[in-house]
Amino acid sequence: MNRIARSGLTINQLSRRSFCLCCLGATAVAGDWVMPREAFAQASGIVDMIRGEAAKAKITVHKLRGNVSVLEGSGGNIAVLTGQDGKLLVDAGITASKPRIVEALDSLDAKPIERLINTHWHFDHCDGNEWVHAEGATILAHENTRKHLALGQRVADWSFNFPPAPAGALPSEVINADKTLHHNGTTLSLRVHQNAHTDSDIAVYFTEADVLHTGDIWWNGIYPFIDYSTGGSIDGTIRAADAILAATTDATIIIAGHGQPVSNRAELKEYRDMLVAIRENVATLKQEGHSLDETIAAKPTAAYDAKWGQFVIGPPLFTRLVYEGV
Ligand SMILES: [Zn+2]
């Protein structure tokens, strides 16, 4: 069994679901047998593998409501708003998928891409920034997304450095607070969620269509990655989920960052309740003085593993991500 398989992450799993930056973390931190140099080599190899798989990945188009659609299959789920002003995208996926993303976008209408919003800085959401910008689109993101892309970013958990992004990939407009935009006759409400999945999360609400893209605050049906290296936290993720629940209704279509993209408030509530329950279990064990290894051995996620623990963030890694923040 190779090292990737030993960590519980197989290439087959990677090809069945959308890829994410977080897959790399799952590989490097799943066992303490990985030395930093090996982790770096693995992560480098996996970045190449993710790009290779993204080059072949099928892109599925889901038409939602009004003029909002979602593209599934290249990194994080990509929302598309069509209309006379040209397309507005929420996240850009992985560059290697460009031909199939273009094909999917062309199937919606013939208009060019005018605007791109990044929900946060991760590779599987911003890798396509450069080509989308080259097509003529402006890019808006949180100021921390621009900072992380411009400077490059070290993800300490797995000793991996992302190099600085090329100039064309950098957002030209940044925000650090909520903002309202108008495009294609739609009112877009951009909500900044502080220190949730990262320090740069924006959720995007298409008001008239009543559709909301959560970015990676929500992973639908799977344990989420939480990026502490750039300001993410379990408590911030719970706060953000609560805020989104408060801002939506049972009629709202909610797009998750990863997992099945067309979903709703009831499934988001189930995710939020899972986070809260596991946070309490882990916090209790930590307060009793248990080490991380003892806490993992106590299986504080056990009641949830059959449903949520079947993708790249398995029970031990998710326990570790919660332990770090309580
Ligand atoms: Zn992410």
Side-chain angles (χ1 to χ4, degrees), residues 9 14 17-29 43 46-47 50-51 54 70-79 89-95 97 116-129 139 141-142 144-149 152-158 160-162 165 169 171 191-204 213-234 236-241 244 254-261 268 271 275 308 311-313 317-318 320-322 324-325:
L9 171 66
L14 281 170
R17 307 284 290 264
S18 296
F19 300 120
C20 57
L21 169 81
C22 325
C23 304
L24 310 180
T27 301
V29 304
I46 292 171
V47 168
I50 288 172
R51 291 200 161 114
V70 62
L71 309 188
E72 177 184 16
S74 178
N77 295 319
I78 299 170
L89 268 52
V90 179
D91 284 342
I94 294 169
T95 303
S97 305
L116 166 64
I117 298 169
N118 292 141
T119 59
H120 62 295
W121 75 272
H122 282 159
F123 155 81
D124 48 323
H125 302 256
C126 297
D127 192 49
N129 277 17
I139 305 175
H142 191 283
N144 290 337
T145 294
R146 190 180 202 287
K147 184 179 78 179
H148 297 317
L149 291 176
Q153 189 56 53
R154 178 171 180 75
V155 177
D157 267 343
W158 25 287
F160 187 79
N161 296 304
F162 277 91
R191 174 98 187 258
V192 172
H193 293 277
Q194 303 286 354
N195 300 102
H197 173 70
T198 63
D199 63 2
S200 57
D201 299 299
I202 297 174
V204 179
H213 191 315
T214 67
D216 276 3
I217 291 163
W218 183 25
W219 293 41
N220 190 9
I222 45 184
Y223 289 140
F225 183 65
I226 297 169
D227 186 358
Y228 287 87
S229 72
T230 54
S233 69
I234 178 66
T237 302
I238 293 169
R239 266 198 309 276
I244 293 169
I254 310 184
I255 304 169
H258 293 281
Q260 206 283 111
L268 176 59
Y271 169 81
L275 295 180
W308 302 86
F311 193 43
V312 293
I313 310 297
L317 174 55
F318 187 58
R320 173 187 157 147
L321 292 171
V322 176
E324 194 167 342

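This one's a predicted model, so the numbers in the text were calculated from it and none came from an experiment. As the structure lists them, so they are numbered: ligands from 1, and atoms in each ligand from 1.
Of the candidates Ile234, Thr198, Asn195, Tyr228 forms a side chain to side chain contact (heavy atoms under 4.5 Å, CB included) with just one, namely Ile234. Exactly one residue among His148, His120, His142 makes a side chain to side chain donor-acceptor pair (under 3.5 Å) with Asp199. That residue is His148.
The Zn ion (ligand 1) is the vertex of the angle joining OD2 of Asp216 and NE2 of His197, which measures 100° to the nearest 10°.
Nearest heavy-atom pair, His197 versus Ile217, reported as atom, atom and distance to 0.1 Å: CB-N, 4.2 Å.
For residue Asp124, no N/O/S atom approaches the Zn ion (ligand 1) to within less than 2.8 Å. At a cut-off of 2.8 Å, His125 is not counted among the residues with an N, O or S atom near the Zn ion (ligand 1). Taking 2.8 Å as the threshold, His120 counts as a candidate ligand of the Zn ion (ligand 1), since one of its N, O or S atoms lies below it.
Side-chain contact between Ile255 and Thr214 is absent, with no heavy-atom pair separated by less than 4.5 Å.
In the model, Thr119 has a side-chain atom that pairs as donor or acceptor with a side-chain atom of Asp91 under 3.5 Å.
Restricting His122 to its N, O or S atoms, the one at the least distance from the Zn ion (ligand 1) is ND1.
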